[in-house]
Number of protein chains: 2
Amino acid sequence: MQFSKSTDYALHALVHLGHSERCNNVGIKELSSALGVSESYLSKIMSKLRQDGIVRAVPGVNGGYELARPADQISFLDVIQVIEGRQQLFECSNSSSRQHRLLAEEGAAGRDQKRPGKNECLVEKVMNGAEQHLHQYLQEHTIQSVLDEAFKRCSHEVNKK
Amino acid sequence: MQFSKSTDYALHALVHLGHSERCNNVGIKELSSALGVSESYLSKIMSKLRQDGIVRAVPGVNGGYELARPADQISFLDVIQVIEGRQQLFECSNSSSRQHRLLAEEGAAGRDQKRPGKNECLVEKVMNGAEQHLHQYLQEHTIQSVLDEAFKRCSHEVNKK
DNA sequence: TTATTATGGATACTATAGGTCCATATTAAT
DNA sequence: ATTAATATGGACCTATAGTATCCATAATAA
Ligand code: SF4
Ligand code: SF4
């Protein structure tokens, strides 16, 4: 259970883009050398980010990438979901087992015909809760918030002189 | 980014053990058929749980597994960490890149010789925060809490009669 | 028109998850 | 002591996902 390296790369690439915002587009070469990742691999990742509307890309001379929206509207969650997919953290595999009947159906069978089998399972309930918490946190942290913190450090440095 | 099936199995097995607590040990056969998982595979998982002190095991006739401590002292986090390992959610891979210097070192180099390179990286900071939140939530939910909820449902059912 | 850049398909390698089988060790019951 | 039942651990296999490279093609600005 770990985030993939691709997510790592994507986040760093976006931070880089956010940092060079006012300049021209940033080409894959610059990104690649800044992050220390091969151009071929990184370009796949950037492609994904573009397909999901996180960045814009323009080919041709002086082309490259730029953020498709302000950095404070690109959350960590957005990036993670693009790269890792939107599958949920916990997916029940054996919902036809005897176990299942105890935890999800018993007590619901006769009581509520309104919700047909939609009675939430107790294990899933905990896990989905965990996922929600995680998502909320990741939603609240954006590329901009990283940039801001970096700037704060930088200005500390200046003040000290 | 998903929890493995093994974690799923482990959680269900523990719930089963918790449910049959006062009875004798529960053998792998019963567990296996209750969960709908092969004995061979499930036994590997149970072995891991034993090595980490979550369950006790006794071989021989009428042997089997039982919880090594009360169900309210076995958190989801405990189980997950046994099965998935204790690696952190986000592990930085390219800490020698140019990027890194911007985000983790700049502003720290001259300022603080006390903490040698221990200046926390800003991307990691967010991710570690996320992990902490997740862990806290998972720590607060135990096998017992699932059992309790199941019991609540059950008694509703009884009251209705 | 051309040089430059992104895109997407094909391919390969690797690591991990998921799963099986069997030989061995351990224990309780007889 | 013997035996039957049970857990354990090693060896092995397969499928899938992550990581990565290469190349042919498309799109764009100069
Ligand atoms: S009890 Fe929940 S997690 Fe378990 S099998 Fe049923 S739906 Fe899945
Ligand atoms: S900035 Fe943080 S996440 Fe990025 S390379 Fe440095 S330590 Fe790793």
Side-chain angles (χ1 to χ4, degrees), chain A residues 1-10 12-13 17 24-33 35-68 80 82-87 89-94, chain B residues 1-10 12-13 17 24-33 35-68 80 82-87 89-94:
Chain A
M1 248 284 289
Q2 244 195 176
F3 289 113
S4 64
K5 288 192 179 187
S6 297
T7 296
D8 182 338
Y9 299 155
H12 281 82
L17 290 189
N24 284 330
N25 288 340
V26 179
I28 193 71
K29 274 189 177 161
E30 180 177 335
L31 277 178
S32 157
S33 86
L35 304 197
V37 182
S38 82
E39 296 179 24
S40 3
Y41 193 47
L42 193 54
S43 67
K44 293 269 189 266
I45 295 171
M46 296 311 293
S47 234
K48 260 194 195 172
L49 290 173
R50 185 194 58 95
Q51 284 167 10
D52 271 66
I54 309 283
V55 302
R56 267 190 296 269
V58 20
V61 181
N62 287 335
Y65 301 93
E66 63 179 349
L67 298 185
I80 290 169
V82 168
I83 306 297
E84 310 271 341
R86 284 170 183 74
Q87 52 191 338
L89 217 54
F90 178 84
E91 240 166 295
C92 164
S93 37
N94 44 335
Chain B
M1 246 283 290
Q2 246 195 174
F3 289 114
S4 65
K5 289 193 178 187
S6 297
T7 295
D8 181 337
Y9 300 155
H12 280 82
L17 290 189
N24 283 331
N25 288 339
V26 179
I28 193 71
K29 276 190 176 161
E30 179 177 336
L31 277 177
S32 157
S33 86
L35 304 197
V37 182
S38 82
E39 296 179 24
S40 0
Y41 193 46
L42 193 54
S43 67
K44 294 267 187 269
I45 295 171
M46 297 310 294
S47 234
K48 259 193 196 172
L49 290 174
R50 186 194 58 96
Q51 284 166 11
D52 271 66
I54 308 282
V55 302
R56 267 190 296 268
V58 19
V61 180
N62 287 334
Y65 302 93
E66 62 179 350
L67 299 184
I80 289 169
V82 168
I83 305 296
E84 310 270 340
R86 285 171 182 74
Q87 54 192 338
L89 217 54
F90 178 84
E91 239 165 295
C92 165
S93 36
N94 45 336

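Given the structure is predicted, the values throughout are model-derived calculations rather than measurements. In the text below, chain A, chain B and the rest are named by the order of the sequence lines, each starting its count at 1. Side chains included, hydrogens not; waters and symmetry mates left out as well; all remaining heavy atoms used.
The distance between atom OH of A:Y65 and atom P of D:dA27, rounded to the nearest whole Å, is 15 Å. Atom CG in B:N25 sits roughly 16 Å away from atom C1' in D:dT8 (whole-Å rounding). Distance CD (B:E66) to C1' (D:dA7): 14 Å, rounded to an integer number of Å. Between B:L42 atom CG and D:dT6 atom C1' there is a gap of 14 Å when expressed in whole angstrom units. One can place CD1 of B:I45 at 15 Å from P of D:dG9, the figure rounded to the nearest angstrom. Atom CG in A:L49 sits roughly 10 Å away from atom P in C:dT7 (whole-Å rounding). One interatomic measurement links the two molecules: CD1 of A:I28 to P of D:dT28, which rounds to 18 Å at whole-angstrom precision. Distance, A:N24 CG to C:dT5 P: 12 Å, rounded to whole Å.
For B:A10, the side chain to side chain contact (heavy atoms under 4.5 Å, CB included) partners are B:I45, B:L49, B:V79, B:I83, not counting sequence neighbours. For B:S6, the side-chain hydrogen bond (donor to acceptor under 3.5 Å, both in side chains) test picks out B:Y41, with sequence neighbours left out. With sequence neighbours left out, the side-chain hydrogen bond (donor to acceptor under 3.5 Å, both in side chains) criterion links A:E30 to A:H16. Residues satisfying the salt bridge (charged side-chain N to carboxylate O under 4.0 Å, His left out) test with B:E66, not counting sequence neighbours, are B:R56.
Using a 4.0 Å cut-off, some side-chain N or O of B:R50 falls inside it from OP1 or OP2 of D:dT8. Put simply, B:Q51 has a side-chain N or O that comes within less than 4.0 Å of OP1 or OP2 on D:dG9.
B:I80 and B:F3 make their closest contact through CG2-CE2, 3.5 Å (heavy atoms, listed as atom of the first residue, atom of the second, distance).
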Protein-to-nucleotide contact annotation, 5' to 3' order, nucleotides 14-30 of chain C [B base; S sugar-phosphate only; - none; under 4.0 Å, heavy atom]: ----BBBB----BBB--
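Within the structure, salt bridge (Lys or Arg N to Asp or Glu O under 4.0 Å) pairs that include any residue of residues 41-51 of chain B do not occur (at least two apart or interchain).
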